[in-house]
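First comes the structure, then the notes that go with it.
Every number for a ligand or one of its atoms is a count from 1 in the order of the listing.
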Amino acid sequence: MDIKKLQHGEWSSSFAFILAATGSAVGLGNIWKFPYITGENGGGAFVIVYLLCVGLMGVPIMMAEIMMGHRGKQNPVDTMNTLLKEAGADKSWHYLGWMGIVAGFLILSYYSVIAGWALAYVVKAFTGSFSGSGSAEIKELFDNFIASPVQLIFWHTLFMLATMLIVARGINNGLEKAVRFLMPGLFVLLILLVGYAMTMTSYAQGIYFLFNPDFSKLTFNSVLTAMGHAFFTLSLGMGAIMVYGSYLPSDVSIAKTSILIAVADTVVALLAGIIVFPIVFSNGLHPDSGPGLIFQTLPIAFGNMTGGWLFGILFFVMLVFAALSSSISLIEPAVAWLVENQRMSREKACIWAGLTAWLLGFATIFSFNIGSGIKIFDRNFFQLLDYLTANLMLPIGGFFIAVFAGWIMQHQHSEQELKMPDRQSYRIWKFLVCYVSPAAVFLIFLHVVGVL
Ligand code: TRP
C-alpha cells in the first residue's frame, strides 16, 4: 500500500467514484443557481450557450482534471509540482494549484450561507410555514428571513459544521457513504415536482421561456455567465475533481465517467428549470428575482399541492444533502494539502479550513441585510464573490488545465492515463483541450473586456 492510500484511502469502487464526483457536481448550482441565472439572462438562448459550454469545455476539461489528479496522486498544489517536473515545465505552473485552493475557500464561504437557507427551509417546511400561502406571503417569509443576520449565521454555522464533520471522517467513511443514497432520492423528488409543474396554468409559458432561444436577449456578459456556470456546475477549474481523481482506482474509464457526470448534472439542472419557471409565471412572479428565486417559488408548490407538507420537507432535506456532497469537494483540496504537505491530522486540517471559510461567509451574510448598501464595482459582496469565482477564477483555472493537459504533458502520459478505447477518441479529446476549450475561454474574455 502506498503512502497516499494510507493517508486517505481510495474510492472503494469505480461506482463510488462516479457517485462522489456526481455528488460534487450536482448541488446548489443546479437547483438554486441555474434557474435564477437563466431567469436573469433571458432564458432559452442562455441555456443553449450553457449547454455548448458543458459539451465543448466541460467534458474535455473534466477529463483533463481527473487524468491529471490520477497521475499526480496528491492535492492540487503537489500534483501540479509532480506533473510539471515530469514534463520539465516551468515552476510557476504550481500556482494553478494554489489558485484552486483559494477559489475553493471563496466559493465555500458563500455556498455554505445559501445551503444554510436550504437547511432553514427544512424547518419552515416542517412547521407548516408554507401551507396555503400565496406568492406574496412566501416572498415576505423569505425577505424577513434573509434580513436577519442572526438567523443566517446560525444556519451557515450548522452547515459548515456538517461539512467539516463529513470531511474529517475521511474518504471511505465520510464522503462515500454520504452520497450513496442522496442522489437517487433527489432525482425522484424532482420528477414528482415536474408532475406538479405540469398542472400549472403557465406550464407552456415556463417551458417556452426555458427552451425558446431569443438571441437578442443575449449579451456578452450573459455568455460569460453561461461559461462560468458550466465550470461551476461541473465543479471544474479549481482542483476539486482533480483531488477526487487522485483517489481513483486505475480501472475506471475517465472519458465515460466524465460524460456520465455531465449528462446527469445537466438533466438535474434542466429539471429544476422545468419546475421553477411554470411556477414563476403562474403566480405572477418575475424570472429575474435573483438568488431568492427557488425560495420564493417552490414553497408555493409545497404549500398548495396534496402531500406538499411531506414533499417540502423531503425536498429541502435532499437539497441540503446535495449541497453537502458538493461542499465537501470544495474543501477537500485544502484539507488534502494540509494533511499531505503540512502533516496535519485530517481532523485538525478540517477545523482550520472550515473555520477560514466560515469566517469569510460573514461577508456574504451581511450583503443580504446590514451591508446590502455596500457596493464594489456596482455589486454587493456576495455578487462580487460569485462573479470573481464563477466567472473569472474557474474559467481561468480551466483554461490553464486545458493548456497543461494538451500542450505541456507528454502525449504518452495523457494517453496512458486516459486509456481511451481507440486512437480516434483520444485525438478528439486532444483537439478539444488543445484548441477548442482554451480558445473559447480566451475569446469570451476578450469580448467581455471589450477588445473585440
Ligand atoms: N458543482 C457544485 C454545484 O453545482 C458546486 C461545486 C462543488 C463546485 N465543488 C466545486 C464549483 C468546485 C466549482 C468548483 O453546486
Side-chain angles (χ1 to χ4, degrees), residues 19-38 50 53-54 57-58 61-62 64-66 69 75-76 96-97 99-118 159 163 166-167 175 178-179 182-183 186 190 225-245 258 261-262 264-273 291 294 318-336 353 357 385-401:
L19 271 180
T22 312
S24 163
V26 176
L28 296 175
N30 308 63
I31 293 164
W32 159 74
K33 195 172 179 190
F34 174 74
Y36 93 75
I37 56 174
T38 301
Y50 154 76
C53 291
V54 167
M57 297 184 237
I61 292 179
M62 182 181 293
E65 254 197 78
I66 299 177
N75 62 81
L96 187 54
M99 188 174 78
I101 289 188
V102 173
F105 275 117
L106 297 179
I107 297 175
L108 181 59
S109 77
Y110 69 82
Y111 204 85
S112 164
V113 173
I114 311 292
W117 296 2
F159 183 83
T163 302
I166 297 178
V167 179
L175 309 196
V179 290
L182 312 169
M183 294 302 121
L186 185 72
L190 284 173
T225 305
M227 172 175 75
H229 188 63
F231 284 98
F232 184 89
T233 191
L234 295 175
S235 305
L236 297 179
M238 54 75 65
I241 292 296
M242 199 184 277
V243 174
Y244 277 25
S258 302
I261 296 169
D265 186 80
T266 306
V267 168
V268 173
L270 293 177
L271 285 178
I294 66 157
M318 295 289 169
L319 186 59
V320 169
F321 278 113
L324 270 174
S325 64
S326 301
S327 64
I328 54 184
S329 77
L330 283 163
I331 204 174
E332 182 65 22
V335 170
L385 261 185
D386 176 39
Y387 192 88
L388 179 72
T389 52
N391 291 14
L392 303 179
M393 293 175 90
L394 299 181
I396 292 173
F399 174 89
F400 284 110
I401 287 168

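You'll find the side chain of Asp386 stays beyond 4.5 Å of the side chain of Phe232, heavy atoms only. In this structure the side chain of Leu106 reaches within 4.5 angstrom of the side chain of Met393, judged on heavy atoms. The shortest distance between side-chain heavy atoms of Trp32 and Ile114 falls below 4.5 Å. Between Asn30 and Thr266 there is no side-chain heavy-atom pair separated by less than 4.5 Å.
Counting only N and O atoms by type, the side chains of Ser235 and Ser329 include no donor and acceptor under 3.5 Å apart. Residues Ser24 and Ser326 have side chains that never bring a donor and an acceptor to within less than 3.5 angstrom of each other.
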Is there any protein N/O under 3.5 Å from an N/O of ligand 1, and what does the full list of such pairs look like?
residue, atom, partner, partner atom, Å
ligand 1, 1 (N), Ser24, O, 3.2
ligand 1, 1 (N), Ala25, O, 3.0
ligand 1, 1 (N), Phe232, O, 2.8
ligand 1, 1 (N), Thr233, O, 3.2
ligand 1, 1 (N), Ser235, OG, 3.0
ligand 1, 4 (O), Ala25, O, 2.9
ligand 1, 4 (O), Gly29, N, 3.3
ligand 1, 4 (O), Asn30, OD1, 3.4
ligand 1, 9 (N), Ser235, OG, 3.2
ligand 1, 9 (N), Ser329, OG, 2.9
ligand 1, 15 (O), Leu28, N, 3.1
ligand 1, 15 (O), Gly29, N, 2.8
ligand 1, 15 (O), Tyr111, OH, 2.5

